[in-house]
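Here the structure is laid out as structure tokens; the discussion comes afterwards.
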Amino acid sequence: MTRTKLILIGLIVLTLTLTACFATDPTAPTPNPDSLAVTDPPGGLAATHPLSIAMLRDRTYPGSDFVIEQTLEPGINYNRYIASYLSDGLKIYALLTVPMSERPPTGYPVVIFNHGYIPPDEYRTTERYLAYTDAFARAGYIVVKSDYRGHGSSEGDPESAYTSPGYTVDVLNALAAARRYPDADPNRVGMWGHSMGGYITLRAMVAEQGIRAGVIWAGVVDSYTDMLTTWFRRDWGDRMIGRYGSPQTNPDFWNAISANSFLGDLSGPVQTHTGTGDATVPYTMSVRLDEQIRAAGGTSELFLWEGDDHNIATHRDDALLLSVAFMHVHVRG
């Protein structure tokens, strides 16, 4: 690893007991920056485009009470459910875990868990990311993993995370639903995201000031300008450039829709993990994000896992220990 801030020895010792808790990890999915339709901005103004951070902030996210749809087999020290909540009038499903331990006076801390790209018709609530959700659930957190619209049994059509705010809206409504949950502490909430879920996490953290900390693994966390020039130029990118101009000719538009333009407004510190052998999302995205957060006056921890892949498979358990420890410091308290 390079440029890391190791967690205090006492916290590592505290979390080492979690090592044996991590279940066998199914292969985590890889993102697919697809080419769905781009929505024209009302009035043609960058700040009022549906993707803009300004519009994300202006929206309201009432969520709803969770409805328990199915009780699943429990974990070793937590209960598991398939729950539902409302987002944009759509019924969205989610994996919900609740600790079995005595409820703290203010409620359990919460982790909103944002998964990476999985083909919507292949997505299942209880498949993949099992070791990851288990790590936080065993550590005493309520975990909410949203099935974005059009995924699994969730209503609505699947969308492109990079051309529509829909998935981020679903996550922010999941956050609102979690805060309404009687056993949750509404003031102790963190967010975790992998790949596309890292993109969603970063956007949520510049839009919602109540998220105390974020952990991002192999995140799609570049600005749109950098994504278009260093990562991919799929059909949707070309269509957006054709409609709004290039980042060079219309920088206001591209800055308005990039979370990276608003890092001074991050709601809390960020920890990033990335493998230098990632063939899906360049690790340089995480390096740039770390530099940008620091330059904006924020707190960032970067872990580079030498030669590891998009799922950080070789160092997964170490990275999970550090992730849980980070949440302990900044969310659980």
Side-chain angles (χ1 to χ4, degrees), residues 15-31 72-82 94-99 108-118 122-148 151-152 167 171 174 178 189-202 204 211 213-221 270-275 278 280-281 286 301 303 305 308-328 330-332:
T15 56
L16 283 176
T17 57
L18 296 171
T19 302
C21 297
F22 302 140
T24 302
D25 175 36
T27 301
T30 57
L72 304 172
E73 183 178 351
I76 192 170
N77 64 346
Y78 58 91
N79 291 309
R80 300 168 69 238
Y81 309 96
I82 292 180
L95 176 69
L96 171 66
T97 74
V98 181
Y108 301 107
V110 179
V111 170
I112 305 298
F113 191 99
N114 302 327
H115 67 79
Y117 178 81
I118 302 171
E122 297 177 10
Y123 181 86
R124 302 292 183 272
T125 307
T126 56
E127 295 179 5
R128 309 191 193 187
Y129 291 103
L130 300 182
Y132 305 87
T133 55
D134 181 74
F136 292 104
R138 290 194 183 208
Y141 292 83
I142 288 175
V143 178
V144 181
K145 179 172 72 71
S146 176
D147 303 346
Y148 316 134
H151 288 65
Y167 296 168
V171 163
V189 180
M191 195 167 279
W192 186 98
H194 172 244
S195 196
M196 180 186 77
Y199 165 92
I200 293 169
T201 296
L202 191 65
I211 302 169
V215 176
I216 297 174
W217 285 33
V220 181
V221 289
V270 174
Q271 183 185 83
T272 52
H273 296 261
T274 185
D278 190 339
T280 305
V281 175
S286 296
E301 295 181 356
F303 291 88
W305 300 98
D308 220 334
D309 61 13
H310 187 58
N311 302 319
I312 315 181
T314 303
H315 299 92
R316 185 203 66 193
D317 289 355
D318 291 336
L320 280 172
L321 284 170
L322 291 165
S323 299
V324 171
F326 188 76
M327 291 294 187
H328 281 353
H330 298 290
V331 176
R332 189 183 71 175

| message | Between T272 and W217, do the side chains contain a donor N or O and an acceptor N or O under 3.5 Å apart? | response |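 No, T272 and W217 have no side-chain donor paired with an acceptor closer than 3.5 Å.
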| field | Short side-chain donor-acceptor distance under 3.5 Å, Y117 and H194 | value |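 No, Y117 and H194 have no side-chain donor paired with an acceptor closer than 3.5 Å.
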Close side-chain approach of [X] to [Y], heavy-atom, < 4.5 Å:
X    : Y    : answer
V189 : V331 : no
I216 : V221 : yes
I142 : V111 : no
I118 : R128 : yes
R316 : D308 : no
Y81  : V98  : yes

Gap between atom [atom2] of [Y] and atom [atom1] of [X] - 0.5 Å precision:
X    : Y    : atom1 : atom2 : answer
E301 : S323 : CD    : OG    : 10.0 Å
L95  : R124 : CG    : CZ    : 15.0 Å
Q271 : F303 : CD    : CZ    : 5.0 Å
D134 : L130 : CG    : CG    : 8.0 Å
E127 : E122 : CD    : CD    : 9.5 Å
R138 : T133 : CZ    : OG1   : 10.5 Å

| query | Quick one: side chain to side chain donor-acceptor pair (under 3.5 Å) partners of S146, sequence neighbours excluded? | reply |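 Result, side chain to side chain donor-acceptor pair (under 3.5 Å) vs S146: Y85.
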| message | Can you list everything that forms a side chain to side chain donor-acceptor pair (under 3.5 Å) with Y148? Sequence neighbours excluded, please. | response |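 Scan of Y148 (side chain to side chain donor-acceptor pair (under 3.5 Å), adjacent residues dropped) gives none.
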| request: Report the relative orientation of the aromatic rings in Y123 and H115; use parallel for angles under 30°, tilted for 30 to 60°, perpendicular for over 60°. | output: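 Aromatic pair Y123/H115 classed parallel.
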| Contacts of type side chain to side chain contact (heavy atoms under 4.5 Å, CB included), residue A178, not counting sequence neighbours |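 Once residues adjacent in sequence are excluded, the partners of A178 under the side chain to side chain contact (heavy atoms under 4.5 Å, CB included) criterion are F66, V110, I112, V144.
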| Partner residues of D278 under the side chain to side chain contact (heavy atoms under 4.5 Å, CB included) criterion, sequence neighbours left out |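 Expected list: A218, T280, V281, H310.
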Closest non-hydrogen atom pair, [X] against [Y]:
X    : Y    : result
D147 : A94  : OD2-N, 4.0 Å
A319 : I312 : CB-CG2, 4.4 Å
L320 : A131 : CD1-O, 4.1 Å

Under 3.5 Å donor-acceptor, [X] side chain and [Y] backbone:
X    : Y    : result
D309 : A313 : yes
K145 : T125 : yes
N79  : P74  : no
Y141 : M327 : yes

| field | H151 ring center near Y167 ring center (under 6.0 Å) | value |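 Centroid separation for H151 and Y167: below 6.0 Å.
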| Residue list, ring-ring contact (aromatic ring centres under 6.0 Å, His included) with F113, at least two apart or on another chain |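 Partners of F113 under the ring-ring contact (aromatic ring centres under 6.0 Å, His included) test: Y129, W192.
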| request: Report the residues that fulfil ring-ring contact (aromatic ring centres under 6.0 Å, His included) with Y108, sequence neighbours left out, ordered by chain and then residue number. | output: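 Listed in chain order: nothing, the list is empty.
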| field | Step-by-step side chain to side chain contact (heavy atoms under 4.5 Å, CB included) determination, L96 to R80 | value | CA-CA 6 Å; L96 171 66; R80 300 168 69 238; over 6 Å; no
